[in-house]
Amino acid sequence: MRTKRLLDATVVVIGCGSVGAPLACTLAQAGVGRIVTVDPDTLSWPNVGRHPLGATAVGKNKAKALAERLQADYPHLLIEHRHVDLHNLIATEAGLLRDADLIVTATGSWVAESALNHWHVEEG
C-alpha cells in the first residue's frame, strides 16, 4: 500500500543546492514515482563539498544534473527537471505545482518563498 502511494506521488523540489539535492535523493530512495527538480543555477566549485553531485557536475545546471543522476540511479522512477526560477515556473507551469502531491522549497530565498505562498493563497 505504502509503495503504491509513493510510486503514484509527484514531488516538486524547488532549489537543488546543498539542501534540496540531498532531499531529492532521499525522495528517490524512498520510491517517490515522479520527482521534478527546479533550479536556474549551475553548480560551482565552492558548493562541491556539500553537494551530492560532486566535482563532475561543476558548471552544469543543478536541476538537470541532479535529475540525470537520479534517473540513472533509479530508472523505474520518472525524474524531470526545469531550468527556471520559481517565478518563471509559476508563470509557465502552474499546473505542475497544482497537480503536485508535495512542493518542497529549498531556495533559501524569502522572495521565492513569498511568491510561492502568494500563488498558493491565490489558488485557494
Side-chain angles (χ1 to χ4, degrees):
M1 180 74 146
R2 177 178 163 247
T3 302
K4 173 133 175 54
R5 283 181 58 196
L6 285 171
L7 280 173
D8 291 342
T10 296
V11 178
V12 178
V13 178
I14 302 167
C16 298
S18 59
V19 173
L23 179 67
C25 293
T26 301
L27 290 166
Q29 290 171 331
V32 172
R34 181 181 180 209
I35 300 169
V36 182
T37 60
V38 180
D39 200 307
D41 296 329
T42 58
L43 187 65
S44 60
W45 282 109
N47 303 121
V48 169
R50 61 181 190 262
H51 201 283
L53 288 175
T56 58
V58 169
K60 297 178 181 176
N61 172 260
K62 292 177 188 178
K64 182 178 182 194
L66 182 60
E68 289 172 349
R69 170 81 54 87
L70 291 175
Q71 190 67 75
D73 290 346
Y74 305 93
H76 61 291
L77 305 177
L78 175 60
I79 313 293
E80 302 172 35
H81 74 280
R82 304 295 189 271
H83 184 169
V84 297
D85 62 21
L86 178 58
H87 293 87
N88 285 321
L89 185 70
I90 291 170
T92 61
E93 291 197 68
L96 172 65
L97 297 173
R98 225 177 273 116
D99 295 340
D101 296 291
L102 179 66
I103 301 169
V104 178
T105 56
T107 63
S109 164
W110 174 248
V111 173
E113 298 279 341
S114 180
L116 184 61
N117 186 58
H118 180 73
W119 171 83
H120 187 256
V121 169
E122 283 185 350
E123 287 292 308

Could you state the interatomic distance from OG (Ser18) to CG (Leu53), rounded to the nearest 0.5 Å?
11.5 Å
Residues which pass salt bridge (Lys or Arg N to Asp or Glu O under 4.0 Å) with Glu122, listed by chain and number, not counting sequence neighbours
none
Flag the pair Leu89 / Leu97 as yes when at least one side-chain heavy-atom distance between them is below 4.5 Å, and no otherwise.
yes
Non-hydrogen side-chain atoms of Val36 and Glu93 separated by less than 4.5 Å:
no
Is Thr37 reaching over with its side chain to a backbone N or O of Glu80, donor-acceptor style, under 3.5 angstrom?
yes
Over 12 non-hydrogen atoms of neighbours within 6.0 angstrom of CZ in Arg5:
no
Gap separating the NE2 atom of His118 from the CD atom of Glu123, nearest 0.5 angstrom
10.5 Å
Pairwise distance CG(Leu7) to CZ(Arg2) - rounded to 0.5 angstrom
10.5 Å
What closest approach, in Å, do Ala24 and Ile35 show between heavy atoms, and which atom pair accounts for it?
O-CD1, 3.9 Å
Note: Thr92 and Asn88 closest approach over all heavy atoms is OG1-O, 2.7 Å
Hey, are the side chains of Ile14 and Thr107 touching, using non-hydrogen atoms and a 4.5 Å cut-off?
yes
Indicate yes or no: at least one non-hydrogen side-chain atom of Val11 is less than 4.5 angstrom from one of Asp101.
no
Roughly how far apart are Trp119 CH2 and Arg98 CZ, rounded to 0.5 Å?
6.0 Å
So which heavy atom on Ala72 is nearest to which on Pro75, and how close?
O-CD, 3.7 Å
Rounded to the nearest 0.5 Å, how far apart are CD1 of Ile79 and CZ of Arg69?
13.0 Å
Under a plain distance cut-off of 3.5 Å, with no hydrogens placed, do Ser114 and Asn117 share a side-chain donor-acceptor pair?
no
Asp41 side chain to Asn61 main-chain N or O, any donor-acceptor pair under 3.5 Å?
no
Only one of Lys60, Glu68, Lys62 clears side-chain contact (heavy atoms from CB on, under 4.5 Å) with Lys64; which?
Glu68
Atom of Ala65, atom of Ala57 and distance for their closest heavy-atom approach
CB-CB, 4.2 Å
Applying the 4.5 Å side-chain criterion to the ILVMFWY set and letting contacts propagate, would Ile90 and Leu96 be lumped into a single cluster?
yes
I'd like to know if Leu102 and Leu116 are part of one continuous hydrophobic network [Ile/Leu/Val/Met/Phe/Trp/Tyr, side-chain heavy atoms within less than 4.5 Å].
no
Specify the closest pair of heavy atoms between Cys16 and Ala63, including all atoms of both residues, with the distance to one decimal.
SG-CA, 3.9 Å
Minimum heavy-atom distance between Ala28 and Leu70, given as atom pair plus value:
CB-CD2, 4.1 Å
Run the numbers on Arg82 and Val12 for side-chain contact (heavy atoms from CB on, under 4.5 Å), then give the verdict.
CA-CA 10 Å; Arg82 304 295 189 271; Val12 178; over 6 Å; no
Under 4.5 Å between any side-chain heavy atoms of Leu23 and Val104, yes or no?
yes
Value rounded to 0.5 Å, distance of NE2 in His51 from OG in Ser44
9.5 Å
Just so I know, are the side chains of His120 and Ile103 near enough to count as touching, which here means a heavy-atom distance under 4.5 Å?
no
Quick one, Val38 and Leu86 - any side-chain contact, counting heavy atoms below 4.5 Å?
no
Under a 4.0 Å threshold between the charged nitrogen and the carboxylate oxygen, would Asp8 count as salt-bridged to Lys4?
yes
Are the side chains of His81 and Leu66 in touch, meaning some heavy atoms are under 4.5 Å apart?
no
Would a hydrophobic clustering, with Ile, Leu, Val, Met, Phe, Trp and Tyr connected at side-chain separations under 4.5 Å, put Leu6 with Val13?
yes
State whether the side chain of Gln71 and the backbone N or O of Leu77 hold a donor-acceptor pair below 3.5 Å, judged by distance alone.
yes
